[in-house]
Amino acid sequence: MAQTKAAATPVTKKNPRTLAGDVPTPIDDARAQALNLYEAALRLMQEGKYDAAHAKFNQLLAESPGDLADRIRMYINACLMQVAKGKTDFKSHEERYDYAISLLNTGQYEGAREELKTILAANQTADYAFYGLAVLSSMTGDSHTCLEHLSEAIRLNSRNRIQARSDSDFQDMADDPRFTELLYPEV
């Protein structure tokens, strides 16, 4: 009986697998840059800067490795949803004014300023917007701007003078003689 020697079969090296079933991708310079950009975009999302994060994710999507594309698209959609949620529609300038005052009361001064200026861009005779800007300026310690806006509010509607006399938001202005002269011109 002749013994035959088995033909040598080539040994194939198997790639290691992870729990997800994928082979870990080696990190090269381009992938490292993509991952850094990805992490930066995620940090922006965590900080609530959804517009900036959206821009970074869009940039990353164009240059990204294929294995990140699905996650990037998911984050792009999440950014868009957050941006859309933050937008408000107002039926009137008065609603926008109420929103601006709520921002002012919560210490969001820049947002309040933007809303009040939006009202004035649409209606330059909105005395209540000038009054709101005067309150904002008083609260932020800008007495000169406060007096300018309050003067304009009073010029447009003399009842603002009476309201300002009892408005506690102007308490920091009470010692300013220009403020007293504006509110009590008859004295």
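Atom set for the values below is all heavy atoms of this structure, side chains included, hydrogens, waters and symmetry mates excluded. Just so you know, these numbers come straight off a predicted model, no measurement behind them.
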Check the hydrophobic clustering (I, L, V, M, F, W, Y; side-chain heavy atoms under 4.5 Å; chains of links allowed) and say if [X] and [Y] are grouped together.
X: Ile162; Y: Tyr184; value: no
X: Leu37; Y: Leu35; value: yes
X: Tyr109; Y: Phe130; value: yes

Can you tell me how far [atom2] of [Y] sits from [atom1] of [X], rounded to the nearest 0.5 angstrom?
X: Leu104; Y: Leu136; atom1: CG; atom2: CG; value: 5.5 Å
X: Ser143; Y: Met173; atom1: OG; atom2: CE; value: 5.0 Å
X: Leu116; Y: His149; atom1: CG; atom2: NE2; value: 9.0 Å
X: Glu115; Y: His93; atom1: CD; atom2: NE2; value: 12.0 Å
X: Asp142; Y: Asp172; atom1: CG; atom2: CG; value: 12.0 Å
X: Asn58; Y: Ile72; atom1: CG; atom2: CD1; value: 9.5 Å

- [ ] Starting from the C-alpha separation in whole Å, work towards a yes-or-no answer on side chain to side chain contact (heavy atoms under 4.5 Å, CB included) for Val135 and Met139.
- [x] CA-CA 6 Å; Val135 168; Met139 293 175 77; 3.8 Å; yes
Would the distance check show the side chain of [X] and the main-chain N or O of [Y] forming a donor-acceptor pair, the cut-off being under 3.5 Å?
X: Thr106; Y: Leu103; answer: yes
X: Arg113; Y: Leu133; answer: no
X: Arg96; Y: Thr118; answer: no
X: Ser158; Y: Ile154; answer: no
X: Ser138; Y: Asp169; answer: yes
X: Asn160; Y: Ala153; answer: yes
X: Gln124; Y: Leu120; answer: no

Open item on the list: Arg43: which residues meet the salt bridge (charged side-chain N to carboxylate O under 4.0 Å, His left out) condition with it, sequence neighbours left out?
Closed with: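 With sequence neighbours excluded, Arg43 shows a salt bridge (charged side-chain N to carboxylate O under 4.0 Å, His left out) to no residue whatsoever.
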Open item on the list: Checking Lys117 now: which residues fulfil salt bridge (charged side-chain N to carboxylate O under 4.0 Å, His left out) with it, not counting sequence neighbours?
Closed with: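 If we apply the salt bridge (charged side-chain N to carboxylate O under 4.0 Å, His left out) test to Lys117, skipping adjacent residues, there are no hits.
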For a 4.5 angstrom cut-off between non-hydrogen side-chain atoms, does [X] reach [Y]?
X: Lys49; Y: Met45; answer: no
X: Asp98; Y: Ile101; answer: no
X: Gln108; Y: Ser102; answer: no
X: Leu150; Y: Phe179; answer: yes
X: His54; Y: Tyr75; answer: no

Open item on the list: Taking the six-membered ring for Trp, are Tyr131 and Tyr97 closer than 6.0 Å centroid to centroid?
Closed with: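 Centroid distance Tyr131-Tyr97: not below 6.0 Å, so no.
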Residue pair [X] / [Y]: nearest heavy atoms and the distance that separates them:
X: Ala53; Y: Cys79; result: CB-SG, 3.8 Å
X: Ile119; Y: Ala126; result: CG2-CB, 3.8 Å
X: Ala174; Y: Thr180; result: O-OG1, 3.6 Å
X: Ala164; Y: Leu183; result: CB-CD2, 3.6 Å

- [ ] Take Glu152 and Asp127 through the side chain to side chain contact (heavy atoms under 4.5 Å, CB included) test and state the conclusion after the steps.
- [x] CA-CA 7 Å; Glu152 187 62 16; Asp127 64 286; over 6 Å; no
- [ ] Apply side chain to side chain contact (heavy atoms under 4.5 Å, CB included) to the pair Asp167 and Phe170, showing each step before the final yes or no.
- [x] CA-CA 6 Å; Asp167 194 335; Phe170 291 117; 3.8 Å; yes
- [ ] Measure the acute angle between the ring planes of Tyr38 and Phe57, then classify it against the limits of 30° and 60° as parallel, tilted or perpendicular.
- [x]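 Plane angle over 60°, so perpendicular.
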- [ ] Walk me through it: do Thr140 and Thr145 pass the test side chain to side chain contact (heavy atoms under 4.5 Å, CB included)?
- [x] CA-CA 10 Å; Thr140 57; Thr145 306; over 6 Å; no
Task: Pair Glu181-Arg178, salt bridge (charged side-chain N to carboxylate O under 4.0 Å, His left out): steps then yes or no - done: CA-CA 5 Å; Glu181 187 178 304; Arg178 299 172 297 167; over 6 Å; no
TODO: Check the side chains of Asn123 and Thr125 for a donor-acceptor pair under 3.5 angstrom, ignoring hydrogens and angles.
DONE: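 Checked: Thr125/Asn123 side chains pair up, N/O donor to acceptor below 3.5 Å.
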